[in-house]
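To start, the structure under review is shown below, and the notes come after it.
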Amino acid sequence: MKYTAPRGTKDILPEEARLWQYIEDNCRDIFFLYNYQEIRTPVFEATELFSRSIGQTTDIVKKEMYTFADRKGRSLTLRPEATAAVVRAGLENNLISPDNFSKFFYIGPMFRYERPQAGRQRQFHQAGVEAFGSADPLLDAEVIVMAVKLFNSLGLTGLRVNLNSVGCGKCQPGYRQAVQDYFRSHIGGMCADCQERLETNPMRILDCKEAACQKVIAAAPASASHLCEECDAHFKKLLNYLDAAKVEYQRSDRLVRGLDYYTKTAFEVVSSQLGAQNAVCGGGRYDNLVEELGGKATPAIGFAIGLERLVEIMKQTKLAGHDSRGLLLYIATIGEPARKVAFDLLLKGRESGIPADMDYSGKSLKAQMKAADRQKAQYVYIIGEDEVAKGGAVLKNMATSEERTVTFENILYEPFGLEAVREEPSCGGCGGNCTCGDDND
RNA sequence: GUGGGCGUAGCUCAAUUUGGUUAGAGCAUCAGAUUGUGGAUCUGAGGGUUGCCGGUUCAAUUCCGGUCGUCCACCCCA
């Protein structure tokens with residue numbers, strides 16, 4: 001094969017694309033239900049936007065960004081995540097300010113230069129939301145509830161919500177220090193990675209999976225016990241709201257998100273069906289980011305769902321069968337005159353909203369029937385020499401094998417199944433937007 | 001960036017252990033059995049630079065090295 005998709009990218013083929021459409025439609029429905037409005041931002045931005053917001057010391061910025069210089073030498077970066085871009089767009093267009101509450105959602109591709117593995121690609125897709133202008137824990141609750149409801153609406157169960165508070169600018173440094181002090185006194189028996197992390201990013205030690213480290217981590221100071229009064233109150237209220245909404249969650253003292261901008265609430269939704277990369281949704285509050293990027297201090301919170309991972313769960317849960325949209329009509333022909341008639345009928349049929357097709361490669365009738373069957377056509381209209389002369393042909397119901405003669409004029413207007421789609425809008429001038437038309441789902 | 005598994009027909013896999021004549025099967029495709037009728041059955045046909053490059057050898061799909069790709073894990077994250 002001379003050309004293949006670049007490493008870490010994947011083609012989404014028609015069969016799977018239907019599942020993607022279903023999932024994306026579902027996301028939009030839920031987001032609109034919660035009054036989030038769509039925003040579409042460029043897939044690349046000034047490099048500095050990401051390095052500033054995500055954090056210079058994070059892996060994403062240090063080694064995972066697709067960064068390039070354009071022809072004028074500007075440093076641009078394919079977005080590794082959307083939050084920074086949404087904040088930038090919101091500020092640039094005056095949609096974000098402390099006294100203007102606003103909620104956005106987005107769906108689109110993100111790019112990170114990583115070694116591909118199960119549930120991890122270089123181009124992947126996220127659906128996410130961002131809400132600006134409220135520091136109220138009730139908003140945190142809404143966002144988490146929305147994520148849960150979204151998964152429920154797709155029929156998914158068995159997911160777990162992990163929840164933590166990482167504190168704010170006031171209490172986080174103290175906690176970080178406490179964690180570092182604790183691990184420093186136990187570092188001898190811990191893995192090489194953790195020894196490294198002790199100085200670079202002590203919080204990440206809490207995430208280590210090594211058995212030896214786990215023992216030490218189990219007794220590490222919990223973030224909840226180091227929260228300042230404000231963060232503590234915020235967290236407790238959030239837990240209350242979630243309990244009241246009957247949302248199940250798991251307190252996770254070890255949950256530390258990998259982006260620097262998170263404050264207070266951090267959460268993720270994990271699945272046991274995903275392998276090592278088990279987070280299907282991650283999010284949290286980021287009360288300092290807007291100011292960091294040049295806006296007035298504005299509290300905010302959001303999450304992102306990994307769509308590839310969601311698709312994977314849907315497939316494994318056998319929830320992927322939402323899509324059998326087949327042909328309604330296939331026109332089979334014998335001879336050139338019949339093909340002309342068929343082509344004309346085909347175009348007219350499509351005009352009135354009938355999904356229809358025919359053969360374009362001169363196949364035998366038998367082969368055409370086979371093709372119709374493969375494409376799950378409900379009806380086949382068979383036109384031959386005689387039929388062209390008579391002005392009518394055989395319409396075959398593929399499910400029952402029944403055949404009956406129907407004239408060319410009537411083929412697009414005959415009853416038994418076709419009547420639902422053939423009605424001309426009788427309400428003139430509706431522009432096709434009324435319910436008189438072609439709903440054949 | 002690190003480690004390991006795997007690259008043979010459109011797809012799923014044999015044959016490689018111990019190098020040896022023509023690299024097989026199922027599914028799929030196409031055709032025929034059925035002069036103008038799909039799904040089932042039977043018959044037949046087409047389809048391969050054994051990922052690529054090099055080395056060893058009389059001889060390499062098989063052994064060795066490299067490279068690319070892929071999968072899984074680490075790291076990290078959605």
Side-chain angles (χ1 to χ4, degrees), chain A residues 1-10 54-55 57-64 79-83 107-128 147 191-194 196-197 200-201 204 207-210 255-259 262 267-271 274-284 302-313 327 330 332-335 338 361 363-388 393-403:
Chain A
M1 201 72 65
K2 192 166 180 187
Y3 296 111
T4 55
R7 186 164 164 77
T9 69
K10 233 181 72 181
I54 296 169
T57 63
T58 60
D59 277 32
I60 291 179
V61 171
K62 274 196 305 189
K63 51 187 198 190
E64 294 175 3
R79 61 182 184 194
E81 57 108 35
T83 301
I107 299 177
M110 309 293 158
F111 307 84
R112 290 181 202 172
Y113 190 93
E114 299 183 89
R115 275 287 270 278
Q117 94 184 58
R120 199 174 72 183
Q121 293 172 220
R122 291 184 171 179
Q123 174 174 341
F124 60 103
H125 298 77
Q126 290 185 333
C191 72
D193 284 331
C194 284
E196 164 101 26
R197 283 188 277 238
T200 57
N201 198 349
R204 293 230 64 92
D207 257 348
C208 185
K209 288 154 195 145
E210 288 286 326
L255 174 60
V256 183
R257 314 239 85 250
L259 290 71
Y262 284 116
F267 72 98
E268 64 182 12
V269 181
V270 298
S271 164
L274 280 177
Q277 313 299 324
N278 66 349
V280 66
C281 173
F303 68 67
I305 292 171
L307 292 180
E308 276 80 3
R309 293 180 187 178
L310 182 50
V311 165
E312 183 56 31
I313 300 172
L327 274 181
Y330 187 95
T333 62
I334 302 132
S361 53
K363 280 199 179 90
S364 68
L365 178 61
K366 188 188 176 83
Q368 291 180 64
M369 293 301 291
K370 219 170 182 175
D373 186 51
R374 258 206 321 272
Q375 293 172 66
K376 299 191 175 73
Q378 291 175 46
Y379 295 96
V380 176
Y381 195 49
I382 303 164
I383 308 174
E385 310 276 340
D386 299 347
E387 286 84 352
V388 172
V394 167
L395 181 67
K396 177 167 186 169
N397 181 324
M398 293 296 274
T400 65
S401 289
E402 279 174 63
E403 293 185 2

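Side chains included, hydrogens not; waters and symmetry mates left out as well; all remaining heavy atoms used. Since the model is a prediction, treat every value here as computed from it, not as a measurement. Below, read A as the first sequence line, B as the second, and so on, with proteins coming before strands; counting in each chain starts at 1.
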I need the [atom1]-[atom2] distance between [X] and [N], as an integer number of Å.
X: A:F267; N: B:C77; atom1: CZ; atom2: C1'; value: 15 Å
X: A:K10; N: B:G69; atom1: NZ; atom2: P; value: 18 Å
X: A:Q121; N: B:C72; atom1: CD; atom2: P; value: 10 Å
X: A:L307; N: B:A78; atom1: CG; atom2: P; value: 13 Å
X: A:Q123; N: B:C77; atom1: CD; atom2: P; value: 21 Å
X: A:E64; N: B:G1; atom1: CD; atom2: P; value: 12 Å
X: A:M110; N: B:A78; atom1: CE; atom2: P; value: 11 Å

task: Let me have a per-nucleotide readout for nucleotides 30-41 of chain B, 5' to 3', with B, S or -, counting only protein heavy atoms under 4.0 Å.
output: SS----BBBB--

Watson-Crick or G-U wobble partner of [N], both distances under 3.5 Å:
N: B:C13; answer: B:G24
N: B:G3; answer: B:C72
N: B:U50; answer: none

How close do [X] and [Y] get, heavy atom to heavy atom, and via which atoms?
X: A:I383; Y: A:V388; value: CG2-CG2, 3.9 Å
X: A:R309; Y: A:A279; value: NH1-O, 2.7 Å
X: A:M110; Y: A:P80; value: CB-O, 3.8 Å
X: A:Y379; Y: A:L395; value: CB-CD1, 3.9 Å
X: A:E385; Y: A:G335; value: OE2-CA, 3.8 Å

If you look at every strand shown and take non-hydrogen atoms under 4.0 Å, does [X] touch a base, only sugar-phosphate, or nothing?
X: A:A304; result: sugar-phosphate
X: A:G275; result: sugar-phosphate
X: A:E268; result: nothing

query: Is a side-chain N or O of A:R122 found less than 3.5 angstrom from the main chain of A:E114, in a donor-acceptor match?
result: yes

- request: Check for a donor-acceptor pair, side chain of A:E308 on one end and backbone N or O of A:R120 on the other, with a separation under 3.5 Å.
  value: no

message: To the closest 0.5 Å, what do you measure between CD (A:E387) and CD1 (A:I382)?
response: 8.0 Å

field: Residue A:R112, side-chain atoms from C-beta onward, closest of B:A73, B:C76, B:C77
entry: B:C77

message: Given B:G69, B:A73, B:C77, identify the nucleotide with an atom nearest to the side chain of A:R309.
response: B:C77

When you compare [N] with [M], how far apart are their [atom1] atoms, in angstrom units rounded to a whole number?
N: B:U61; M: B:G54; atom1: P; value: 13 Å
N: B:C76; M: B:A15; atom1: P; value: 41 Å
N: B:A45; M: B:G24; atom1: P; value: 14 Å
N: B:G26; M: B:C68; atom1: C1'; value: 30 Å

Report yes if a donor N or O on one partner sits less than 3.5 Å from an acceptor N or O on the other, where the partners are the side chain of [X] and the base of [N]; otherwise report no.
X: A:Q117; N: B:C75; answer: yes
X: A:R120; N: B:C71; answer: no
X: A:R115; N: B:U2; answer: yes

